[in-house]
Structures are given as structure tokens and as C-alpha cells.
Amino acid sequence: MDDIAADPSHPRYASLLMRHRLEVAAEKGMLAGSAMIAHGRGEAFDYLLGERTTTSALQATRQALATLQAAKKPVLSINGNVAALACDEMLRLANALSCAVEVNIFYRTPERMKAILDHMNERKHVLGLEVPVLGHAPDARIPGLEGPRAACHRDGILESDAILVPLEDGDRCQALVAMGKEVIVIDLNPLSRSAQQATITIVDELSRALGNMLDFTASEGTLEVDSDYNHIAVLEEGVNEMLNAFKRP
Ligand code: ATP
Ligand code: MG
């Protein structure tokens with residue numbers, strides 16, 4: 001899938017690969033104008049983390065997976081950057097959870113929706129998965145949001161009890177939490193509104209976090225929800241990891 005000139009031995013290979021995926025997605029019309037800025041903000045925080053999954057991020061990842069597995073109706077939300085960076089991982093995770101993915105974007109235009117849906121459906125076909133890909137025919141609205149960014153599927157986001165929304169905007173995250181859902185965010189910035197407001201926040205790079213979830217699914221099957229899980233304490237650990245960057249071995 002990735003036709004990239006960079007050498008895999010390059011120390012920034014993973015980062016270059018992600019940038020390349022965004023460039024390709026931009027050419028296909030999948031991204032909003034601000035997509036690269038959002039990505040750059042994430043990269044800066046990842047640099048502070050040392051571009052690795054921390055112990056606290058792994059703890060959040062386990063809790064997120066356990067929560068999705070325990071949900072009656074989980075759903076995975078896809079925006080332009082998520083489709084560009086980790087389309088296959090999102091489809092594989094939805095397959096493992098037997099749930100739908102729903103394309104749901106902040107700056108909704110018919111052209112961008114079509115480009116993202118086409119990409120998801122093409123990859124689903126290549127991977128040979130039966131995952132429902134929603135977003136093409138929204139018939140409901142997320143309460144508390146104005147305009148096209150509120151549009152969603154009744155059978156997807158609206159009726160879900162747990163939702164994975166990687167790289168989500170703070171407003172929408174808040175609106176989903178207000179609906180009483182378990183809201184799981186993947187966000188490298190532990191200080192963003194999304195990271196703060198979510199039920200569970202994984203402070204890790206998107207493809208690393210999803211890769212870990214898929215590994216846990218394969219190696220451990222069903223995980224247990226930790227009833228003592230402390231969202232804010234885990235976020236604080238994320239901030240501390242960044243502040244202690246110079247003390248790392
Ligand atoms: P908020 O609206 O929650 O306050 P924001 O406005 O600062 O956040 P947005 O542009 O709405 O940020 O969302 C992008 C978020 O995604 C940023 O917090 C950024 O750190 C994060 N991000 C970008 N790329 C990645 C990635 N590959 N993996 C994880 N997080 C990422
Ligand atoms: Mg925002």
C-alpha cells in the first residue's frame with residue numbers, strides 16, 4: 001500500500017511514512033485544509049514522548065479495548081486523518097469487535113465524504129473483511145452540535161454505547177460524552193480538550209495505539225475492564241513522561 005522513497009533504516013522512518021500517507025490522502029481529496037496542522041501538533045507531542053508507547057499509554061490502551069469489548073454496541077469513528085494514517089488497523093479492529101466503522105468528519109463536504117468512503121471500502125475489499133462502513137447516508141444528529149458536523153447514522157454513532165474517536169475535536173468529544181457514551185480518544189496531546197473530556201484517553205500515536213490493541217486482541221482475547229481506572233491520573237502520567245524527557249535512559 002505504501003510506495004515511499006524513504007529507507008526503513010532511517011531513524012524517522014515511521015514519521016516519514018505517516019507524512020507520506022497524508023500526502024497521498026491529500027491528493028485523493030480526503031483531507032481538510034487543516035489536516036497537516038493537526039498532524040504537526042501531534043508530531044510535536046510525539047517527539048516529547050520519544051516516539052514510543054509509554055506504560056501509562058499501554059494501560060489506557062488495555063482499558064480502551066476492554067471497554068469496547070464489553071460494550072453492547074461499539075462503533076469506531078473515522079475522520080480524514082484517521083482514514084489516511086490507519087485505515088487498515090481501524091477496519092481490522094472493527095472486524096475483531098464485530099462492529100461498524102462510521103466516517104464522520106468535522107468539515108463535511110460531499111466530495112470529502114466520498115473520497116474517504118471510497119478509500120475505506122477499497123481497503124475493506126483488499127483486506128477481505130465484512131465490516132459495515134457507515135457514513136454514506138446519515139439519518140440522525142448528535143445533539144448539541146450545529147451544522148453538518150452533527151450528522152451521523154442512527155444505527156452507528158447515535159445508538160452506540162461506546163465509541164472510539166481518534167484525533168477528535170474537543171467540541172464533538174464533549175457532545176458525545178454528554179450523550180452518556182463511553183468515549184475513547186487517541187490523542188498525543190494530553191492537554192487537548194478531547195483528551196481531557198474523554199472517558200478514556202490513549203496518549204499515543206494513532207497507528208501505535210491501534211497496533212497494540214490488535215496485538216492484545218490476538219494474544220489475550222477478551223480483556224477485563226479495570227473498575228479502578230483513573231482517567232486523570234493516566235493523563236498526568238502522560239504529561240510527566242513529556243516533562244521528564246531529558247531523564248530518560
Ligand atoms: P481540541 O479540539 O481537543 O482542544 P485541538 O484543537 O488542539 O484539540 P485538533 O486539531 O482538534 O486539536 O485535533 C487534532 C489532535 O490530534 C491534536 O491534539 C493532535 O495532538 C492529535 N494528533 C494528530 N496526529 C496524531 C496522531 N497521528 N496520533 C495521535 N494523535 C494525533
Ligand atoms: Mg479542536
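Hydrogens, waters and symmetry mates are skipped; everything else that's a heavy atom, side chains included, is used. All values reported here derive from a predicted model rather than from experimental measurement. In each ligand, atom 1 is the first atom listed, and ligand 1 is the first ligand listed.
For the pair D204 and ligand 1, a heavy-atom separation below 4.0 Å is found.
When the shell of 6.0 Å around CZ of R149 is examined, it contains more than 12 heavy atoms from other residues, nucleotides or ligands. The environment of OH in Y13 is crowded: more than 12 heavy-atom neighbours from other residues, nucleotides or ligands sit within 6.0 Å.
Atom 10 (O) of ligand 1 has its closest protein heavy atom at A38 CB, 3.7 Å. Ranking protein heavy atoms by distance to atom 9 (P) of ligand 1, first place goes to R41 NH1, 4.6 Å. Among all protein heavy atoms, the one lying closest to atom 8 (O) of ligand 1 is S192 CB, 3.7 Å. The protein non-hydrogen atom at the shortest distance from atom 27 (N) of ligand 1 is E205 OE2, 3.3 Å. Among protein heavy atoms, atom 17 (C) of ligand 1 sits closest to D187 OD1, 3.6 Å. Residue, atom and distance of the protein heavy atom nearest to atom 25 (C) of ligand 1 are L167 CD2, 3.5 Å. Protein heavy atom nearest atom 28 (N) of ligand 1, with residue, atom name and distance: L206 N, 2.9 Å. In terms of protein heavy-atom proximity, atom 1 (P) of ligand 1 is closest to G170 N, 3.6 Å.
Taken to the nearest 0.5 Å, the CD1 atom of I186 stands 5.0 Å off from the CG atom of L206.
For residues 27-37, no residue pair satisfies the salt bridge (charged side-chain N to carboxylate O under 4.0 Å, His left out) rule, not counting sequence neighbours. Pairs engaging residues 60-77 under the side chain to side chain donor-acceptor pair (under 3.5 Å) rule: R62-E220, K73-D155 [sequence neighbours left out].
If you number the atoms of ligand 1 from 1 as listed, the ones under 4.0 Å from a heavy atom of L85 come out as 27 (N).
Closest heavy-atom contact between V183 and T199: N-OG1, 2.7 Å.
Each protein N, O or S atom less than 2.8 Å from the Mg ion (ligand 2) was counted, giving 1.
For D46, no heavy-atom contact with ligand 1 is shorter than 4.0 Å.
Not counting sequence neighbours, R108 has no partner by the side-chain hydrogen bond (donor to acceptor under 3.5 Å, both in side chains) test.
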